[in-house]
Enquirer: 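Dropping a structure here in structure tokens format, bear with me for questions.
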Amino acid sequence: MIQASHEHPLKRLKTINHCHEQPLIPGLPDHLAQLCLSLVPPSLLYSVCHSWRRLIYSPSFPPFLSLYAILSPTTTDSNPNPTSTYNHSSIQFFTYDPTSSRWSLLPPPPADPPLRLLLRHPSFISRHIPVQSVSASGNLVLLAATTDNFNPALSRPLVFNPISRTWTFGPRLATPRRWCAAGATHGAVYVASGIGSHFSIEVAKSVEKWDLQTRNRDGTKIQRGNYNNSNMNNGFSWKWEKVKCLKDGRFCRDAVDAVGWREKLCMVNMKGDAAKEGIIYDTKKGVWEDMPEGMVAGWKGPVAAMNEEVVYVVDEAKGALRKYDPERDKWEEILKSERLKGAQQIAAGGKKVCVISCGGGSIMVVDTEAKPVSLRLIETPPGLEAVAVHILPRMSLPDIELQGTGSTSI
């Protein structure tokens with residue numbers, strides 16, 4: 001027979017605290033134990049005991065990589081009017097933890113000013129209105145979107161830092177924009193071209209840069225994860241700077257990714273499989289150059305760079321994942337799958353390429369180091385589809401109690 005527990009709550013609390021105070025490794029100080037355990041894959045530590053599980057999510061432990069996704073409600077037959085669901089910031093921010101194989105909501109972004117983003121409109125039945133985001137210096141940065149009256153939705157970027165679990169507003173853009181080229185390289189975020197509240201050739205040709213690796217007034221670098229709104233008001237000098245403009249306004253036709261690669265920024269003027277124009281910005285020289293012919297010819301779908309060193313593309317028509325060989329100016333096929341057809345966006349990191357499927361109902365994870373190259377599927381939470389995906393350090397979860405021990409790895 002199961003008997004009800006009459007244990008006093010205070011006694012139970014003392015027991016829990018006592019468990020938390022147990023050493024990580026008996027006979028070793030915790031700071032030395034942490035050094036030893038940091039050499040073990042987190043997926044193994046997660047499955048051993050609760051104290052080690054808490055450790056891998058603590059701010060002091062080296063973070064493993066996780067998926068971060070911008071998700072939106074799925075349009076269903078019971079909700080045939082897309083604007084009723086997609087208007088007014090129906091997007092949600094999630095992270096997928098590969099160690100626990102679980103989706104979790106991020107802390108909510110600031111409520112003031114409220115996010116009012118348009119994702120669908122009757123005039124654009126076959127496509128999403130773009131919401132543009134990048135990852136830079138270990139942060140998720142929301143850069144550009146559209147309001148329901150077709151104005152730019154963001155006058156300044158919205159930044160999420162996984163380690164501190166905080167949202168921060170970045171500096172104001174000189175010209176808020178939408179349908180632009182957005183990217184990041186070496187800790188700096190770039191926006192190029194696009195449209196403001198109305199078309200302007202000056203905006204369509206303009207390029208702005210924001211360096212997240214800002215320095216304090218005394219010249220020391222701001223440590224990653226230590227900046228927030230209050231600190232910025234006390235001496236941090238985040239700001240957008242204008243860089244060399246484009247020669248024309250042809251890059252405001254579509255919302256495109258500017259891919260950071262070897263201290264350069266690579267972008268094309270439209271998405272998809274159509275013929276396109278490609279250019280590269282050399283961040284060291286401060287000049288725009290034509291993209292190599294082979295590179296632009298093979299840019300037939302979403303593109304991302306692994307650690308800004310190796311560029312990958314998914315040919316969305318043929319379902320082929322390829323990587324770029326700069327010496328030969330050719331794309332080398334590494335995987336072909338029907339599941340990759342219609343790919344919407346990709347991210348690369350930790351030797352993995354993550355691909356949003358056609359329709360956004362799942363995210364495919366390709367292990368580029370496996371022999372042979374492998375692909376597995378991560379389903380999005382029920383009723384939600386992926387708009388964008390990024391690979392960033394896992395979110396700190398101090399003193400948590402996770403259930404289950406199943407694990408996979410990104």
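In this text, all values refer to a predicted model and were calculated from it rather than measured experimentally. Along the sequence shown, residues carry numbers from 1. Atom set for the values below is all heavy atoms of this structure, side chains included, hydrogens, waters and symmetry mates excluded.
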Enquirer: Is it true that Arg177 and Glu208 have a side-chain N and a carboxylate O under 4.0 angstrom from each other?
Expert: yes
Enquirer: Does the side chain of Arg172 come under 3.5 Å of the side chain of Ser155 through a donor N or O and an acceptor N or O?
Expert: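 On atom types as modelled, these side chains qualify, holding a pair under 3.5 Å.
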Enquirer: Would you mind reporting whether Leu154 and Leu115 have side-chain heavy atoms less than 4.5 Å apart?
Expert: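 The answer is yes, as the side chains (C-beta and beyond) meet within the 4.5 Å cut-off.
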Enquirer: Mind checking the CD-OG spacing from Glu385 to Ser362? Nearest 0.5 Å is all I need.
Expert: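 One finds 11.0 Å between CD of Glu385 and OG of Ser362.
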Enquirer: Could you tell me whether the side chain of Ser164 reaches within less than 4.5 Å of the side chain of Ser396, counting heavy atoms only?
Expert: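 They are not in contact (no side-chain heavy atoms under 4.5 Å apart), so the answer is no.
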Enquirer: If I take atom CG from residue Asp290 and atom CE from residue Met295, how far apart are they, to the nearest 0.5 angstrom?
Expert: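 Asp290 atom CG to Met295 atom CE measures 13.0 Å (nearest 0.5 Å).
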Enquirer: Does Leu24 offer a backbone N or O that forms a donor-acceptor pair with the side chain of Asp30 under 3.5 Å?
Expert: yes
Enquirer: Could you tell me whether the side chains of Thr283 and His186 share a donor-acceptor contact shorter than 3.5 Å?
Expert: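 No, because no side-chain N or O of Thr283 sits under 3.5 Å from a partner of the opposite role on His186.
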Enquirer: What distance do Ser374 atom OG and Leu335 atom CG have between them, rounded to the nearest 0.5 Å?
Expert: 8.5 Å
Enquirer: Are Asn139 and Ser137 close enough that a side-chain donor and a side-chain acceptor fall under 3.5 Å?
Expert: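 Checked: Asn139/Ser137 side chains show no N/O donor-acceptor pair below 3.5 Å.
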Enquirer: Determine, stepwise, if the pair Val387 / Leu71 fulfils side chain to side chain contact (heavy atoms under 4.5 Å, CB included).
Expert: CA-CA 5 Å; Val387 175; Leu71 306 179; over 6 Å; no
Enquirer: Between Phe160 and Trp167, what is the ring plane arrangement, given parallel below 30°, perpendicular above 60°, and tilted in between?
Expert: tilted
Enquirer: Show, in sequence, the C-alpha distance, side-chain angles and deciding distance for Thr95 and Arg394, and conclude whether the side chain to side chain contact (heavy atoms under 4.5 Å, CB included) test is met.
Expert: CA-CA 8 Å; Thr95 181; Arg394 62 94 180 98; over 6 Å; no
Enquirer: Quick one: CD on Glu263 to CD on Glu308, what's the gap to the nearest 0.5 Å?
Expert: 8.5 Å
Enquirer: Can you find a heavy atom in the side chain of Thr368 that is under 4.5 Å from one in the side chain of Met306?
Expert: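 Result yes, sub-4.5 Å side-chain heavy-atom pair found.
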Enquirer: What's the spacing between Tyr96 OH and Cys354 SG if we round to 0.5 Å?
Expert: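 Spacing of OH (Tyr96) from SG (Cys354) equals 10.5 Å.
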Enquirer: Whether Asp248 and Arg250 form a salt bridge (side-chain N of Lys/Arg under 4.0 Å from carboxylate O of Asp/Glu) is what I want to check.
Expert: yes
Enquirer: Below 30° counts as parallel, above 60° as perpendicular, anything between as tilted: where do the rings of Trp288 and Tyr281 land?
Expert: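 It falls in the tilted class, 30° to 60°.
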Enquirer: Parallel under 30°, tilted from 30 to 60°, perpendicular over 60°: which one fits the rings of Trp331 and Tyr324?
Expert: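 Answer is tilted, since the angle falls between 30° and 60°.
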Enquirer: Any salt bridge between Asp315 and Arg322, counting N to O under 4.0 Å?
Expert: yes
